[in-house]
Amino acid sequence: MSDATRLSVFKTYKLYVGGKFPRSESGRVYEVSDSKSNWLANAPQSSRKDARDAVVAARKAFGGWSGATAYNRGQVLYRVAEMLEGRKEQFVREVAEAEGLSKAKAAAVVDAAIDRWVWYAGWTDKIAQVVGGANPVAGPYFNLSSPEPTGVVAVLAPQDSSFLGLVSVLAPVIATGNTAVVVASAKAPLPALSLGEVLATSDVPGGVVNILSGATAELGAPLAAHQDVNAIDLAGADAELAKELEIAAADNLKRVLRPQPVDYTATPGTDRLTAFLETKTVWHPTGALGASGSSY
């Protein structure tokens, strides 16, 4: 068959929940267009039920992921970078279409996103030394502070940075042992949905990352109010929506990271690593050193 008569095989984009690729339980889809209003694909329009299913998957995965060694988590994040490197051409095309960039600029964005995974992979077994340690106290005690993951984190991905911004808010969440429910950019969800395919083949356990596409407000509301979500990153919410979600999040005292201007091309600090960590402090008696020697 000649190329002239061959029909293209269009990609069916699906959600990524619990390590699997379901369609939205609602059966809804919405049209995704490029910067010139040309149709690209139909993306699943997730429902509140999809959001709840994603939280269940994230909670189920939390014990194993948070219990893994920090070194092992670093290996897994580095593997994500390796897999992205091998599929760079696909992501360059999707980012260029999603954000209206030239191929060269899109390639620079994808390179930065891959490097961002490597950056956070290197931090997994070092952040504890930066934010934890021994505390000087009055008395015969060891006083040790150690960071621990908060739990299930809902992440509203940035709207205008469909890939680099997404990676910049997702990678630090899972690097520190949390699990994530991600709401992709509503207008440019395709790079995020393709990232799910990479995560599925990158040794990331199912449920550690769950990716939903659809209306940010529709999905953000049930996630902010969900009693089993421990924290929420409002990076992709506008000021009005952020206020509504922050009020809803207060019901179970969620940690909230408010939206703020961020240059995602700049080298990140540790702010997002520490945003979803809890500090556990342990006291332990050292014994008393007297004239007759030590006693315990």
Side-chain angles (χ1 to χ4, degrees), residues 15-22 46 50-68 70 73-74 76-77 79-81 84 113 116-117 119-121 123-124 127 148-158 161-185 189 191-200 202-214 216 219-220 222-224 226 228-237 245 249 254-257 259 264 268 271-278:
L15 308 177
Y16 182 56
V17 177
K20 299 179 180 180
F21 297 93
S46 306
D50 294 315
R52 292 195 297 269
D53 289 345
V55 173
V56 170
R59 177 59 62 190
K60 185 177 180 181
F62 176 68
W65 184 243
S66 62
R73 287 198 298 269
V76 172
L77 265 66
R79 178 63 174 164
V80 175
L84 281 173
R116 194 62 42 88
W117 281 109
W119 165 272
Y120 283 114
W123 269 106
T124 57
I127 191 66
E148 293 187 338
T150 298
V152 175
V153 180
V155 179
L156 307 188
S161 185
S162 64
F163 191 53
L164 178 56
L166 166 73
V167 171
S168 297
V169 297
L170 170 60
V173 169
I174 65 172
T176 48
N178 299 289
T179 54
V181 177
V182 181
V183 180
S185 166
L193 296 177
S194 290
L195 177 63
E197 299 171 4
V198 172
L199 297 174
S202 301
D203 303 327
V204 179
V208 170
V209 178
N210 305 275
I211 301 175
L212 307 174
S213 58
T216 302
L219 297 172
L223 290 172
H226 201 298
D228 203 28
V229 173
N230 303 104
I232 186 167
D233 184 344
L234 300 177
L245 298 184
K254 286 182 180 63
R255 280 188 172 227
V256 176
L257 185 59
Y264 291 112
D271 291 352
R272 288 189 178 274
L273 283 166
T274 58
F276 303 115
L277 286 174
E278 305 285 349

Here the gap from Asn230 atom CG to Phe62 atom CZ, rounded to the nearest 0.5 Å, amounts to 7.0 Å
On a heavy-atom basis, the closest approach of Arg73 and Ile174 is CD-O, 3.8 Å
CG of Leu156 to CG of Leu219, rounded to nearest 0.5 Å, is 8.5 Å
query = Is the shortest heavy-atom distance from the side chain of Leu212 to the side chain of Val17 under 4.5 Å?
reply = yes
Heavy-atom nearest pair, Lys254 first then His226, reads NZ-O, 2.6 Å
With sequence neighbours left out, the residues meeting salt bridge (charged side-chain N to carboxylate O under 4.0 Å, His left out) with Asp271 are none
Residues Ser66 and Gly63: closest non-hydrogen pair is OG-O, 3.4 Å
Query - Under 3.5 Å: donor-acceptor pair, side chain of Asn178, backbone of Val152 - result: no
Is there a donor-acceptor contact under 3.5 Å from the side chain of Asn210 to the main chain of Ala180?
-> yes
d(Thr124 OG1, Leu77 CG) to nearest 0.5 Å is 7.0 Å
Sorted by chain and number, sequence neighbours left out, salt bridge (charged side-chain N to carboxylate O under 4.0 Å, His left out) with Asp233 holds for Arg272
Report task. Determine whether Tyr120 and Pro268 make a side-chain contact, defined as any pair of heavy atoms from C-beta on separated by less than 4.5 Å. Result -> yes
Please examine the side chains of Leu170 and Leu195, heavy atoms only from C-beta on, and report whether any two atoms are closer than 4.5 Å.
yes
Tell me if a side-chain donor or acceptor on Lys20 pairs with a main-chain N or O of Gly206 at a distance below 3.5 Å. no
Residue set satisfying ring-ring contact (aromatic ring centres under 6.0 Å, His included) with Phe21, at least two apart, ordered chain then number -> Tyr16
Requested in this report: State, with a plain yes or no, whether a side-chain heavy atom of Val208 is found less than 4.5 Å away from one of Val76.
Outcome: no
To the nearest 0.5 Å, atom CH2 of Trp119 lies from atom OG of Ser168 at 11.5 Å
For Val167 and Ala113, the nearest pair of non-hydrogen atoms, with its separation, is CG1-O, 3.7 Å
Value for CG (Asp203) from CZ (Arg79), rounded to nearest 0.5 Å, stands at 6.0 Å
Rounded to the nearest 0.5 Å, the CG atom of Leu84 sits from the CZ atom of Arg116 at a distance of 13.0 Å
Residues Ala58 and Val181: closest non-hydrogen pair is CB-CG2, 4.1 Å
* Asked: Is a donor on one side and an acceptor on the other found under 3.5 Å between the side chain of Trp65 and the backbone of Pro205?
  -> no
Minimal heavy-atom distance between Arg59 and Thr179, with the atoms involved, is N-OG1, 4.5 Å
- [ ] May I ask you to test the Leu15-Ser213 pair for a side-chain heavy-atom distance under 4.5 Å?
- [x] yes
Would Val173 and Val182 count as a side-chain contact (heavy atoms from CB on, under 4.5 Å) here? Give the steps. CA-CA 11 Å; Val173 169; Val182 181; over 6 Å; no
For the residue pair Pro158 and Val169, establish whether any side-chain heavy-atom pair is separated by less than 4.5 Å. yes
